[in-house]
Amino acid sequence: MRLEQLQAFLKVAELGSFQQAALQSEVTQSTISRQIQGLESALKCQLFHRGAQAKLTVAGELFLRRARKICQEWDVASEEISSLFQGKQTELCVAAIHSVCVSSLPSLLPKFCLGHPHIQLRVTALGSDRALKVLQDGLVDVAIIMSHRSLTNTKELAIKPLYEEQICILMAGDHPLTAKKFITWKDLGPYPQVIFKDGYRMRRLVEDEFSRREIPLNVSLELNIPEAFYGVVQGSEMIALMPQSLVKPVIDNPSFSVRYLFCPESGDRQDFRRQVSVVTTVDRLQMPPVAEFFNLVVDHYRCAALTVH
């Protein structure tokens, strides 16, 4: 059963004539006849009495109500899809890691909202794994996440790297490690650590680094709210490895010390970094509001990088 067969059926039922239906549809009468015959074959019944006027049979009368509803639903679906790709969606959902939610998004969101007053913007702070999952499940339109090696552009995903940042050691201002000129990975081993919960790529990054160096990771506490790290670290011997953007609020606070890992052989700072990317699905990138928000995020970080350099 095809849509054009239903449309031909409705046209003949409305006009009571195969010939008039063909004229209005701008096709030949034989085309209309073939479409009706195909429909009757699929339904295994006759829909019209053929004569001077095409009159509906009992089965035709019954089918008429259903055919109208099917075609109406098709029209509604077509209009909704057309509106979607014309930028007429009513909401746009974003999932982003906490550091982005508290740093760059607050300045970006008003710009987008001013340009799209008819769109309700919904933003949720999630760990990278969860943010990518809800994007792939169709629950959000854009995700801003911490990258990993397996995250690459595919037929399904469109990915743009935004920035890289150094990973720092956050500890109390009077922590024993503050007395050291250089802090190495081995120096961290004896101290209890606060790490992100499962589902956060920062946790995986830290675990992988300790494992690669064959240094035991002394996990004392798991958290998922960056602000909670500050309260736990302050006044204790716990330490946390955190992105530079997340330690920025306390970097000038004497109650805290923010240090970098160093290589003892060279005395240089260890290149321990993470990369953050914006991700959406290829099909969503065809929707004007999604494409505009995606590009707004990319342009923001591109301009920020140019300003820094």
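Please read these numbers as outputs of a predicted model, since none were measured by experiment.
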Note: A240 and V233 closest approach over all heavy atoms is CB-CG2, 4.2 Å
Between D187 and T184, is any side-chain donor less than 3.5 angstrom from a side-chain acceptor?
yes
Under the side chain to side chain contact (heavy atoms under 4.5 Å, CB included) criterion, do L217 and E207 qualify, and how do the steps go?
CA-CA 7 Å; L217 175 60; E207 287 177 334; 3.8 Å; yes
Compare all side-chain heavy atoms of S220 with those of Y191 and state whether any distance is below 4.5 angstrom.
no
Considering all heavy atoms, the nearest A54-S17 contact
CB-N, 4.2 Å
If two hydrophobic side chains count as joined below 4.5 Å and joins carry through other members, does L23 share a cluster with I32?
no
Nearest heavy-atom approach of A131 to V140 is O-CG2, 4.4 Å
Keeping Q89 on the side-chain end and E91 on the backbone end, is there a donor-acceptor pair under 3.5 Å?
yes
Crowded around L139 CG? As in, over 12 foreign heavy atoms under 6.0 Å?
yes
Do V123 and L105 have side chains that get closer than 4.5 Å, going by heavy atoms?
yes
How many angstroms lie between CG in L188 and CG in L241, if you round to the nearest 0.5 Å?
6.0 Å
Side-chain contact, heavy-atom cut-off 4.5 Å: H49 with T57?
yes
Flag the pair E164 and R274 as a salt bridge only when some basic side-chain nitrogen lies within less than 4.0 angstrom of an acidic carboxylate oxygen.
no
According to a hydrophobic-cluster definition based on side-chain heavy atoms being under 4.5 Å apart (Ile, Leu, Val, Met, Phe, Trp, Tyr only), do L43 and L10 belong together?
yes
Quick check on D252: does its CG atom have over 12 non-hydrogen neighbours (other residues, nucleotides or ligands) under 6.0 Å away?
no
Relative to each other, are the rings of F262 and F182 parallel, tilted or perpendicular (30° and 60° limits)?
tilted
When you compare the side chain of F18 with that of I36, does any pair of heavy atoms fall below 4.5 Å?
yes
Can a side-chain donor-acceptor contact be found between T281 and E156 if the only test is distance below 3.5 angstrom?
no
Would you tell me whether T28 and R34 have side-chain atoms, one donor and one acceptor, within less than 3.5 Å of each other?
no
Steps toward side chain to side chain contact (heavy atoms under 4.5 Å, CB included) verdict (I239, F229)
CA-CA 9 Å; I239 58 175; F229 281 75; over 6 Å; no
Could you tell me if Y200 and S128 have a donor-acceptor pair between their side chains, going purely by distance under 3.5 Å?
no
Could you tell me whether the side chain of S41 and the main chain of Q37 form a donor-acceptor pair under 3.5 Å?
no
Salt-bridge present (D129, K133; N to O < 4.0 Å)
no
Could you tell me whether R212 and E209 make a salt bridge, using a distance below 4.0 angstrom between a side-chain N and a carboxylate O?
yes
Check: Q24 and L15 side chains under 4.5 Å, non-hydrogen atoms:
yes
Test item: side-chain donor near acceptor, Q286 and R284, under 3.5 Å:
no
Check step by step if side chain to side chain contact (heavy atoms under 4.5 Å, CB included) holds for Q244 and C168.
CA-CA 6 Å; Q244 199 164 25; C168 310; 4.0 Å; yes
Donor-acceptor contact below 3.5 Å, side chain S25 vs main chain A22
no
Heavy-atom check, side chain of C71 versus side chain of E73, under 4.5 Å:
no
Checking R203 side chain against I195 main chain: does a donor-acceptor pair fall under 3.5 Å?
no
Establish whether M146 and I225 are linked, either directly or via other cluster members, by ILVMFWY side-chain heavy-atom contacts under 4.5 Å.
no
L157 with V282, same ILVMFWY side-chain cluster at under 4.5 Å
no
E165 and S245: side-chain donor and acceptor closer than 3.5 Å?
yes
Determine the minimum heavy-atom distance between I167 and Y260, stating which atoms define it.
O-CD2, 4.1 Å
Side-chain donor-acceptor distances from residues 292-299 under 3.5 Å, at least two apart:
{"residue": "E292", "atom": "OE1", "partner": "H116", "partner atom": "NE2", "Å": "3.1"}
{"residue": "E292", "atom": "OE2", "partner": "H116", "partner atom": "NE2", "Å": "3.0"}
{"residue": "N295", "atom": "ND2", "partner": "A291", "partner atom": "O", "Å": "3.0"}
{"residue": "D299", "atom": "OD1", "partner": "R302", "partner atom": "NH1", "Å": "2.6"}

Pairing of R50 and E40 as salt bridge, 4.0 angstrom limit:
yes
The remaining residues in the hydrophobic cluster of L3, counting side-chain heavy-atom contacts under 4.5 Å among Ile, Leu, Val, Met, Phe, Trp and Tyr, are W74
Taking every non-hydrogen atom, the tightest pair across R259 and S257:
CG-OG, 3.6 Å
Heavy-atom closest contact (L135 atom, D141 atom, distance):
CD1-O, 3.5 Å
Is the closest side-chain donor-acceptor distance between S147 and S277 under 3.5 Å?
yes
Once the angle between the rings of F210 and W185 is folded into 0 to 90°, is it parallel (under 30°), tilted (30 to 60°) or perpendicular (over 60°)?
perpendicular
Decide yes or no on side chain to side chain contact (heavy atoms under 4.5 Å, CB included) for F256 and Q234, but give the supporting numbers first.
CA-CA 6 Å; F256 297 93; Q234 189 177 18; 3.7 Å; yes
Are L62 and L47 joined in one hydrophobic group, where the rule is that I, L, V, M, F, W and Y side chains link up if heavy atoms are under 4.5 Å apart?
no
Decide yes or no for Q120 and L92: does some side-chain heavy atom of the first lie under 4.5 Å from some side-chain heavy atom of the second?
no
Within a strict 4.5 Å, meaning less than it, do heavy atoms of the L223 and V194 side chains meet?
yes
